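Some notes on the structure that comes next.
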Amino acid sequence: MDRCNRLVDVGRRQFLRGGAFAAAGVATAVALPAQAQTKAAPGLALVEYPSNKLANIADLKPNEPFDVGYPDENAPGVLLKLGMKVEGGAGPDGDIVGFSTICPHKGFPLNYNAEDRTLNCPGHYSRFDCEAGGQQIWGQATQNLPQYLLRVDDKGDVFAEGLDELIYGRLSNVL
Ligand code: FES
């Protein structure tokens, strides 16, 4: 019993010593000058997208992919003239869309299937519907395909001015 009491006593002393160290740490943190304290960097919530001319309507053939890069040349993508008004479609017929062609799952390059108007991944077979805003219709990816925000001017020039999802492998779409 006596041994047990001694152990309890030792435990209590160690606990109190630990508390004293913790109190000293708090006091030091409070005593630091304001400049020495680390401030969290403000989040970059707003991304400034470039307005890039990607093509002219005359360059686009119905249901044939036209290779582009946006927002920079290291971000491959495609323009499609689908021949019917679709979600996110631009131009006089509302049928021009653009997508990143990097799979959002693990970054494989996507291939266009003109028969069902989908972009398909050879990596793990995810499929994305180009008539439905790049919605994933099958596979491993956990997000839809990034779609371009497009504008067509009165000369028929097609500009990309934004993206609605994060491009695979980037912390920000604009580097
Ligand atoms: Fe496309 Fe995995 S990389 S499904």
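Hydrogens, waters and symmetry mates are skipped; everything else that's a heavy atom, side chains included, is used. Predicted model only: the values in this text are computed from it and were never measured. Order of appearance sets the numbers: ligands from 1, and atoms from 1 within every ligand.
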message = Starting from atom 4 (S) of ligand 1, what is the nearest protein heavy atom, named by residue and atom, and what distance separates them?
response =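 For this ligand atom, the closest protein heavy atom is S126 OG, 3.2 Å.
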query = So which protein heavy atom does atom 3 (S) of ligand 1 come closest to, and at what separation?
reply =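 Closest protein heavy atom to atom 3 (S) of ligand 1: K106 N, 3.3 Å.
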Mind listing the side-chain donor-acceptor pairs of residues 82-92 below 3.5 Å, one per line with the distance, residues two or more places apart or on another chain?
none

query = By atom name, which N, O or S atom belonging to H124 lies closest to atom 2 (Fe) of ligand 1?
reply =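 Distance check against atom 2 (Fe) of ligand 1 picks out ND1 in H124.
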Heteroatom of H105 nearest to atom 2 (Fe) of ligand 1 (N, O or S, atom name) = ND1
request  = Could you confirm whether C103 has any N/O/S atom lying under 2.8 Å from atom 1 (Fe) of ligand 1?
outcome  =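 So C103 counts as coordinating atom 1 (Fe) of ligand 1, yes.
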request  = Look at the N, O or S atoms of C121, main chain and side chain alike, and state whether any lies under 2.8 Å from atom 1 (Fe) of ligand 1.
outcome  =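 Yes, C121 qualifies, because one of its backbone or side-chain N, O or S atoms lies under 2.8 Å.
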key: Pair H124 and F108, ring centroids less than 6.0 Å apart   =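 Ring-ring flag for H124/F108: true, centres closer than 6.0 Å.
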key: Aromatic contact, Y148 with F99 (centres under 6.0 Å)   = no
query = If two hydrophobic side chains count as joined below 4.5 Å and joins carry through other members, does V68 share a cluster with V152?
reply =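 Same cluster.
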From V174, L166, L163, residue fulfilling side-chain contact (heavy atoms from CB on, under 4.5 Å) relative to V47 =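 Output: one option passes, namely V174.
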